[in-house]
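Here the structure is laid out as structure tokens; the discussion comes afterwards.
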Amino acid sequence: MAYIKDIKFWHVDRYSGVLCDRCGTYITNIYTVYYSDGLVAHYGIECFKKLRQAGRLSDFGYKFLMKILKAIKYWNEELRLWQTITESEAEEKGLLCDLHTHGCYWEGRTFEEYRKFEIEKYIPARLEGCKKLLERFKNIDFKI
């Protein structure tokens, strides 16, 4: 019985996509799924949704799994954003309000300190939380 150990989300440009391991469609929004038996598979969101039937998830379980997937997608996108963003871009997007808030922890610290914290601690902790939530599905057999 194979269960999901980890899921990573990648959004790549249209020239860097892969074929879905379930249906063979060319995809650029890629869910890379790591199974307990060592298999690594790439799915588009529609094929990943179809795994619900294979795993016999309840509606609640399916909604919960999709919520985890959305969170994984969001935090992976945030990580990529913070790895490349400049201070002026962050300021434009309103991401530095903590740096300018009187009396908060980040007041008076540099953008690079804040950026490093986001990349090395905050976002990885959120992704780790998502992985722990995935452990709730360890008894579900997701057949390909």
Side-chain angles (χ1 to χ4, degrees), residues 1-87 89-101 104-107 109-144:
M1 177 163 91
Y3 62 89
I4 296 173
K5 285 178 63 177
D6 192 10
I7 300 174
K8 294 193 185 303
F9 174 80
W10 313 96
H11 174 74
V12 296
D13 65 39
R14 64 182 176 157
Y15 301 110
S16 301
V18 298
L19 296 179
C20 175
D21 287 327
R22 187 173 180 284
C23 70
T25 302
Y26 188 76
I27 53 176
T28 57
N29 290 315
I30 306 161
Y31 286 94
T32 302
V33 179
Y34 300 85
Y35 291 93
S36 59
D37 60 2
L39 178 69
V40 177
H42 305 291
Y43 302 111
I45 188 62
E46 292 305 314
C47 283
F48 193 84
K49 287 178 181 178
K50 290 177 184 174
L51 290 176
R52 170 190 182 201
Q53 288 92 19
R56 296 186 186 104
L57 289 176
S58 67
D59 286 341
F60 175 79
Y62 173 72
K63 288 176 184 176
F64 187 64
L65 181 59
M66 294 313 292
K67 185 177 177 180
I68 295 169
L69 289 178
K70 284 181 183 180
I72 289 171
K73 178 180 178 181
Y74 173 79
W75 290 115
N76 276 295
E77 288 172 348
E78 283 292 300
L79 183 59
R80 275 194 293 283
L81 171 76
W82 280 100
Q83 287 171 336
T84 59
I85 200 164
T86 65
E87 187 171 3
E89 291 171 334
E91 187 73 49
E92 277 179 22
K93 293 181 184 225
L95 301 174
L96 301 181
C97 56
D98 284 348
L99 292 176
H100 306 299
T101 304
C104 86
Y105 175 78
W106 290 107
E107 182 185 18
R109 297 181 190 258
T110 67
F111 169 74
E112 283 306 315
E113 288 175 309
Y114 189 66
R115 187 172 166 268
K116 183 178 177 184
F117 169 76
E118 288 283 334
I119 293 170
E120 294 178 3
K121 293 187 179 167
Y122 186 74
I123 296 172
R126 297 302 174 259
L127 285 168
E128 191 60 36
C130 292
K131 288 180 190 178
K132 286 185 181 184
L133 291 174
L134 277 177
E135 289 176 11
R136 295 182 181 191
F137 295 92
K138 69 181 179 183
N139 293 325
I140 305 294
D141 188 8
F142 290 95
K143 297 175 184 165
I144 298 173

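Since we're looking at a predicted model, the values are computed, not measured. We're numbering straight along the sequence, starting at 1.
To the nearest 0.5 Å, atom CG of residue Leu81 and atom OH of residue Tyr74 are 9.0 Å apart. The CG atom of Asn76 sits 11.5 Å away from atom CD1 of Ile30, with the distance rounded to the nearest 0.5 Å. Atom NZ of Lys116 sits about 10.0 Å away from atom OG1 of Thr110, to the nearest 0.5 Å. With rounding to the nearest 0.5 Å, the separation of CD1 in Ile68 from CD in Glu135 is 10.5 Å.
Residues satisfying the side chain to side chain contact (heavy atoms under 4.5 Å, CB included) criterion with Arg109, sequence neighbours excluded, are Tyr105, Trp106, Glu113. Under the side chain to side chain contact (heavy atoms under 4.5 Å, CB included) criterion, Tyr122 pairs with Trp75, Phe117, Glu118, Arg126, sequence neighbours left out. Residues forming a salt bridge (Lys or Arg N to Asp or Glu O under 4.0 Å) with Lys8 (at least two apart in sequence, or on another chain): Asp6. Under the side chain to side chain contact (heavy atoms under 4.5 Å, CB included) criterion, Ile119 pairs with Leu79, Trp82, Gln83, Arg115, not counting sequence neighbours. Every residue two or more places apart in sequence or in another chain was checked for a ring pair (Phe, Tyr, Trp, His ring centres under 6.0 Å) with Phe111, and none qualifies. For Thr86, the side chain to side chain contact (heavy atoms under 4.5 Å, CB included) test picks out Ser88, Glu89, with sequence neighbours left out.
Across every non-hydrogen atom of Tyr31 and Gly44, the tightest pair is CD1-C, 4.4 Å.
Counting heavy atoms from C-beta on, the side chains of Phe64 and Leu133 come closer than 4.5 Å.
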What verdict does the side-chain contact (heavy atoms from CB on, under 4.5 Å) test give for Met66 and Ile45, after you've listed the backbone C-alpha separation in whole Å, the side-chain angles of each residue and the deciding distance to 0.1 Å? CA-CA 10 Å; Met66 294 313 292; Ile45 188 62; 3.5 Å; yes
Between Leu134 and Ile72, is a side-chain contact (heavy atoms from CB on, under 4.5 Å) present by the stated rule, with each step listed? CA-CA 10 Å; Leu134 277 177; Ile72 289 171; 4.1 Å; yes
Please evaluate residues Lys131 and Glu128 with respect to the criterion side-chain contact (heavy atoms from CB on, under 4.5 Å), reporting the C-alpha separation (whole Å), side-chain torsions for both, the decisive distance (0.1 Å), and the verdict. CA-CA 5 Å; Lys131 288 180 190 178; Glu128 191 60 36; 3.9 Å; yes
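Side-chain contact of His11 with Asn29: a donor-acceptor pair under 3.5 Å is present, judged by distance alone.
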Would you give me the side-chain donor-acceptor pairs under 3.5 Å for residues 12-20, sequence neighbours excluded?
unit_1, atom_1, unit_2, atom_2, d
Asp13, OD1, Tyr15, N, 2.9
Asp13, OD1, Ser16, N, 3.0
Asp13, OD1, Ser16, OG, 3.0

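Applying the salt bridge (charged side-chain N to carboxylate O under 4.0 Å, His left out) test to every pair with at least one member in residues 67-85, sequence neighbours left out, gives no pairs at all.
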